[in-house]
Amino acid sequence: MVFQQPNPFPKSIAENVAFGPRMLGIGHKINLEEIIEKSLRSAALWDEVKDDLDKSGLALSGGQQQRLCIARVLAIEPEVILMDEPCSALDPISTLKIEELMQDLKEKYTIVIVTHNMQQAARVSDFCGFMLLGELVEYDITSQLFSRPADKRTEDYITGRFG
């Protein structure tokens, strides 16, 4: 799970990424080093932190912290990644990096993202659902949902008539 606010542990960058594998019993140093590098590369963070792996994860920028949290998730090779508004607290450049990362990751992982940003949903998702007051109003291929919604409530939300 990747939360709305980045939540790195008060540990080093390396220890943040190694946390999950250690909890799963992967403790061999060589394996952990490989997992850390692979996960940070997959999260598009390796080149920025490879020389500072002992630095606190809390010392990174907000966008870097969010990518560190994504690397921490990737280190355990989940089948599904849940993301709750992963870009809501980020600047536009960091948001772009996270969106590009999601595009890459969706080739290997199922990603479920919650967002109130309609443009972001249109950019990053293949399928999209619209929920209103806890009810799933509509679910479809993203391009279909945004171009020809079947439910008037979906159309009203997408076009900004309410929300």
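Numbering starts at 1 and runs along the sequence shown. Just the heavy atoms: all of them, side chains too, but no hydrogens, waters or symmetry mates, feed the values below.
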A.B. asks: Can you tell me how far the CG atom of N16 sits from the CG atom of L53, to the nearest 0.5 Å?
C.D. replies: 11.0 Å

A.B. asks: Do V137 and L145 sit in the same hydrophobic cluster, where Ile, Leu, Val, Met, Phe, Trp and Tyr count as joined when their side-chain heavy atoms come under 4.5 Å apart?
C.D. replies: yes

A.B. asks: Nearest 0.5 Å, please: how far is CD in Q65 from CZ in R67?
C.D. replies: 11.0 Å

A.B. asks: Establish whether L133 and I158 are linked, either directly or via other cluster members, by ILVMFWY side-chain heavy-atom contacts under 4.5 Å.
C.D. replies: yes

A.B. asks: State which residues pass side-chain hydrogen bond (donor to acceptor under 3.5 Å, both in side chains) with S88; sequence neighbours excluded, sorted by chain then number.
C.D. replies: Q4

A.B. asks: Say whether L90 and V73 are linked into one hydrophobic cluster, either directly or through other cluster members, by side-chain heavy-atom distances under 4.5 angstrom.
C.D. replies: yes

A.B. asks: Would you mind listing every salt bridge (Lys or Arg N to Asp or Glu O under 4.0 Å) that reaches into residues 2-13, with sequence neighbours excluded?
C.D. replies: none

A.B. asks: Just how far is it from atom SG of C69 to atom CD1 of I98, taken to the nearest 0.5 Å?
C.D. replies: 9.0 Å

A.B. asks: How long is the span from the CE atom in M118 to the OH atom in Y157, to the nearest 0.5 Å?
C.D. replies: 4.0 Å

A.B. asks: Going by ring-ring contact (aromatic ring centres under 6.0 Å, His included), name the residues that satisfy it together with F19, two or more places apart in sequence or in a different chain.
C.D. replies: F9

A.B. asks: Should I111 and V124 count as side-chain neighbours, where that means a heavy-atom distance under 4.5 Å?
C.D. replies: no

A.B. asks: Using the rule that Ile, Leu, Val, Met, Phe, Trp and Tyr join whenever any side-chain heavy atoms are under 4.5 Å apart, tell me whether V17 and I70 fall into a single cluster.
C.D. replies: no

A.B. asks: Sequence neighbours excluded and cut-off under 3.5 Å, please list the side-chain donor-acceptor pairs for residues 125-132, or say none.
C.D. replies:
from, atom 1, to, atom 2, distance (Å)
S125, OG, A121, O, 2.5
S125, OG, T142, OG1, 2.8
D126, OD1, K106, NZ, 3.0

A.B. asks: How close do L101 and S42 get, heavy atom to heavy atom, and via which atoms?
C.D. replies: CD1-O, 2.8 Å

A.B. asks: Main chain of F3, side chain of Q66: is a donor-acceptor contact present, judged purely on distance under 3.5 Å?
C.D. replies: yes

A.B. asks: For residues V2 and V112: do they belong to one hydrophobic cluster (side chain heavy atoms under 4.5 Å, members Ile, Leu, Val, Met, Phe, Trp, Tyr)?
C.D. replies: no

A.B. asks: Could you measure the distance from the CG atom of L40 to the CD1 atom of I35? Nearest 0.5 Å is fine.
C.D. replies: 11.5 Å

A.B. asks: Return the set of residues passing salt bridge (charged side-chain N to carboxylate O under 4.0 Å, His left out) with E85 (not counting sequence neighbours), or none when no residue passes.
C.D. replies: none

A.B. asks: Using side-chain heavy atoms (C-beta onward) and a distance below 4.5 Å, is L68 in contact with P6?
C.D. replies: no

A.B. asks: Who are the side-chain hydrogen bond (donor to acceptor under 3.5 Å, both in side chains) partners of S147, not counting sequence neighbours?
C.D. replies: none

A.B. asks: Hey, does the side chain of Q64 reach the backbone of S61 with a donor-acceptor pair shorter than 3.5 angstrom?
C.D. replies: yes

A.B. asks: So with a 6.0 Å cut-off around CG of L136, is the heavy-atom count from everything else above 12?
C.D. replies: yes

A.B. asks: Can you tell me how far the OG atom of S12 sits from the CG atom of D52, to the nearest 0.5 Å?
C.D. replies: 11.0 Å

A.B. asks: Once side chain to side chain contact (heavy atoms under 4.5 Å, CB included) is applied, do any residues pair with E37, and if so which ones, sequence neighbours excluded?
C.D. replies: R41, W46

A.B. asks: Run the side-chain hydrogen bond (donor to acceptor under 3.5 Å, both in side chains) test against T95 and tell me which residues pass, sequence neighbours left out.
C.D. replies: none

A.B. asks: Going by the rule side-chain hydrogen bond (donor to acceptor under 3.5 Å, both in side chains), which residues pair with S94 if we only count those two or more places apart in sequence or in a different chain?
C.D. replies: D91

A.B. asks: Between G57 and P8, what is the shortest heavy-atom contact and its length?
C.D. replies: O-CG, 3.9 Å

A.B. asks: Anything under 3.5 Å between a donor and an acceptor, one on a side chain of residues 74-84, the other on a protein residue two or more places apart or in another chain? List them.
C.D. replies:
from, atom 1, to, atom 2, distance (Å)
E77, OE2, K38, NZ, 3.2

A.B. asks: Filter on salt bridge (Lys or Arg N to Asp or Glu O under 4.0 Å), then keep only pairs touching residues 93-104, sequence neighbours left out; what's left?
C.D. replies: E48-K97, E99-R123

A.B. asks: Going by the salt bridge (Lys or Arg N to Asp or Glu O under 4.0 Å) test, which pairs reach into residues 136-160, not counting sequence neighbours?
C.D. replies: E135-R153, D151-R153, K152-D156, E155-R161, D156-R161

